[in-house]
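Here is the naming used below: chain letters follow the sequence lines, and residue numbers restart at 1 for every chain. Side chains are part of it too, since the values below use all heavy atoms of this structure and drop only hydrogens, waters and symmetry mates.
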2 protein chains.
Amino acid sequence: MSEPKVTIADVAREAGVSKGLVSFALNDRPGVSAESRIRILEIAERLGWTPSLRARSLSTRRSFALGLVIARDPEVLGSDPFFPSFIAGVETVLAPQGLALVLSVVPDEKTEMRTYRSLVSDGRVDGVFLSDLRHNDPRIPLLQELGLPAVTLGRPDTQSPFPCISVDDTPGVAETVRYLISLGHRRIAHVAGSPALLHGSRRRAAFDNALSEAGLPAGQSIETDFSVAAGADAARRLLTQASPPTAIVFANDPMAIAGLGVAHELGLRVPDDVSITGFDDIDFTRYVFPALTTVRTAPSDWGRAAGRTLLDLMALGTAPDVDLPAGRLVIRGSAGTPLRP
Amino acid sequence: MSEPKVTIADVAREAGVSKGLVSFALNDRPGVSAESRIRILEIAERLGWTPSLRARSLSTRRSFALGLVIARDPEVLGSDPFFPSFIAGVETVLAPQGLALVLSVVPDEKTEMRTYRSLVSDGRVDGVFLSDLRHNDPRIPLLQELGLPAVTLGRPDTQSPFPCISVDDTPGVAETVRYLISLGHRRIAHVAGSPALLHGSRRRAAFDNALSEAGLPAGQSIETDFSVAAGADAARRLLTQASPPTAIVFANDPMAIAGLGVAHELGLRVPDDVSITGFDDIDFTRYVFPALTTVRTAPSDWGRAAGRTLLDLMALGTAPDVDLPAGRLVIRGSAGTPLRP
DNA sequence: TGCGTCTTCTGAACCGGTTTAGGCAAACCT
DNA sequence: AGGTTTGCCTAAACCGGTTCAGAAGACGCA
């Protein structure tokens with residue numbers, strides 16, 4: 001229970017060597033004979049010594065922890081399973097290295113910036129993950145100024161010194177639109193995510209492009225904040241118009257599921273009266289009715305890639321960008337041939 | 001950018017006093033004259049000094065961080081918005097104190113126990129939140145042995161030295177069952193959560209009780225792991241029987257939403273053919289069709305209460321249990337009068 | 001005036017590692 | 001043989017705070 005915690009001095013004394021040598025042996029650095037190294041490690045093992053993280057932190061000026069600051073309305077956060085999966089993915093690479101993840105959930109951008117500053121001035125973390133990239137993201141110059149290694153989740157639209165993990169959403173959106181067109185849809189609308197968020201505006205641009213490439217006129221788009229409530233509102237507006245779209249492409253699954261609910265509520269059949277597609281392929285999509293046609297993404301792959309990249313960056317001082325394979329369309333029941341085109 | 005980080009020694013030199021006195025002034029402890037204190041703090045301010053968390057950690061043997069270890073399948077984790085809200089609640093009390101939250105998401109119980117051990121042996125955290133309480137929870141004796149302060153989320157079924165934050169699920173479940181009975185339902189089934197989890201088995205017991213108190217025969221119950229997939233399976237089994245229930249009480253909302261999907265898929269109308277209720281009132285419930293009748297709980301209140309209690313426990317050595325107000329039934333469209341009772 | 005007490009403050013030890021300058025042999029030159 | 005290199009190791013400084021024993025001065029009191 002309360003054994004007086006064995007320290008490096010105990011190990012050194014027991015082995016009849018200096019503290020320094022124990023330290024060298026532990027971090028296997030040159031200048032220790034093979035026998036000594038083995039003997040020291042054996043004694044450390046026997047004494048049950050684990051080097052004090054705190055002491056190590058102080059002398060090495062590292063904290064052995066990585067940070068993730070999430071600035072989202074808890075409500076939006078709750079309906080989006082991205083982060084749990086992402087974090088689970090990150091952990092698979094952090095845990096074996098003995099690194100911890102420090103998580104902050106903050107309500108607004110101002111608090112967010114303050115949080116980064118205090119993470120740094122407290123020396124709480126050795127690096128951070130930058131998620132939900134925004135246009136002209138102020139966090140990038142901030143972190144650069146603070147000298148904190150970072151990895152961005154998504155490709156920034158500004159000059160950035162940090163490696164990024166990104167995936168091109170264009171093919172997924174394009175595939176969705178082409179699929180809908182092949183089913184006979186001509187009036188296709190888009191419920192976009194937040195235009196302030198890069199993946200929000202990029203998915204929207206991909207949607208516009210796909211339509212024009214198919215030679216169709218621009219479709220209706222409604223901007224939202226990615227929340228379920230906003231998705232429902234948008235769906236209601238679209239579907240109660242004089243001549244409503246026959247298909248709606250939602251920028252994420254939670255909004256699409258809300259759209260499904262709205263369609264049902266309005267007495268519309270899905271997909272006969274309106275086709276609905278989502279984005280992300282969250283767990284729910286398989287179990288709503290009709291099951292949601294959507295684009296599969298892999299948040300835990302993001303996590304793993306981001307974790308590895310950040311580790312590389314910190315160890316090597318540089319790390320290459322990672323391009324994750326684009327999401328593919330998963331065809332289920334929520335999109336079909338329009339009854340009245 | 002890379003100012004050579006001002007330390008306590010700089011402040012002491014500038015103020016013409018000893019390091020010790022600066023430390024005393026900072027932690028406002030007796031033995032410092034009012035003038036000195038003011039002058040020192042002013043100089044600290046001017047120099048932009050923030051005491052090094054790392055040095056502080058080493059000498060005080062505290063880490064100024066709290067831990068949360070989540071042992072859940074990422075898939076289940078993703079569809080349940082409890083943790084994001086809970087964490088947001090926790091942060092509101094940690095952040096002002098300068099405390100950080102260290103999060104671990106682990107795949108299984110063995111890793112979980114190992115994680116607690118290493119959090120302690122690394123001195124990574126000063127206390128932890130124990131969520132998803134299980135029967136005869138092995139984490140309680142473990143943490144007791146490790147001497148780590150903890151707060152349990154839910155009332156343990158064994159002797160526990162830790163304060164707990166709990167809410168009685170019984171009234172919510174009972175209210176739901178009574179409501180269904182009042183609508184005319186007699187064959188009511190329950191899709192229970194994991195029996196290994198305390199809230200899973202307690203909600204089930206509440207269900208059984210409510211039926212027997214109403215003088216009805218025991219209803220069907222199916223155990224699940226709280227996952228969306230399991231909820232869908234259970235619903236399918238229940239609804240494809242010879243004489244299916246007219247109402248199903250699900251132990252959480254994600255499963256209930258899956259149940260809604262299954263009912264639709266089977267061509268059943270909700271609530272005419274089958275009524276469905278959930279538990280937790282997650283964001284989605286308002287936007288599925290029909291909107292889900294469920295029991296409202298407040299995860300961020302749990303977070304705040306748990307945070308405060310853990311702080312009290314660490315500061316005072318003891319803290320009282322907290323009983324959160326029981327969840328109330330929120331009536332929406334998914335439950336109604338059975339057409340064929 | 002002398003003595004005890006209180007307040008304010010200092011110096012040094014301490015937390016538990018890492019790191020650097022340097023000592024001492026043994027091995028390697030030529 | 002003498003000088004240099006090399007390998008292994010030690011002692012001490014250092015990271016930046018906290019804490020404790022005790023010094024110095026102010027004050028009260030007999």
Undergrad: Separation of A:Arg13 atom CZ from D:dT10 atom P, in whole Å?
TA: 14 Å
Undergrad: Classify B:Ser57 by what it touches in the nucleic acid, base, sugar-phosphate, or nothing, heavy-atom distance under 4.0 Å.
TA: nothing
Undergrad: Return whichever of B:Ala55 or B:Gly31 has its heavy-atom-nearest nucleotide of DNA chain C closer to the 5' end.
TA: B:Gly31
Undergrad: Ignoring backbone atoms, establish whether A:Arg54 has a side-chain N or O less than 4.0 Å from OP1 or OP2 of C:dC15.
TA: no
Undergrad: Mapping A:Leu58 and B:Gly20 to their closest nucleotides on DNA chain C, which lands nearer the 5' end?
TA: B:Gly20
Undergrad: With distance as the sole criterion, do the side chain of A:Lys19 and the base of C:dG16 form a donor-acceptor contact below 3.5 Å?
TA: no
Undergrad: Can you find a side chain N or O atom of A:Arg37 that sits less than 4.0 Å from OP1 or OP2 on D:dC8?
TA: no
Undergrad: Give a yes/no answer on whether the side chain of B:Arg61 brings an N or O atom under 4.0 Å of OP1 or OP2 in C:dG16.
TA: yes
Undergrad: So, is B:Ser23 close to the D:dT18 phosphate, meaning a side-chain N or O under 4.0 Å from OP1 or OP2?
TA: yes
Undergrad: Within the pair B:Ser59 and D:dT18, is there a side-chain N or O less than 4.0 Å away from OP1 or OP2?
TA: no
Undergrad: Within the structure shown, what part of the strands sits under 4.0 Å from B:Ser33 by heavy-atom distance: base, sugar-phosphate, or nothing?
TA: sugar-phosphate
Undergrad: Once you round it to whole Å, what is the distance between C1' of D:dG16 and CG of B:Leu47?
TA: 15 Å
Undergrad: Should A:Trp49 be listed as having a side-chain N or O under 4.0 Å from OP1 or OP2 of C:dG16?
TA: no
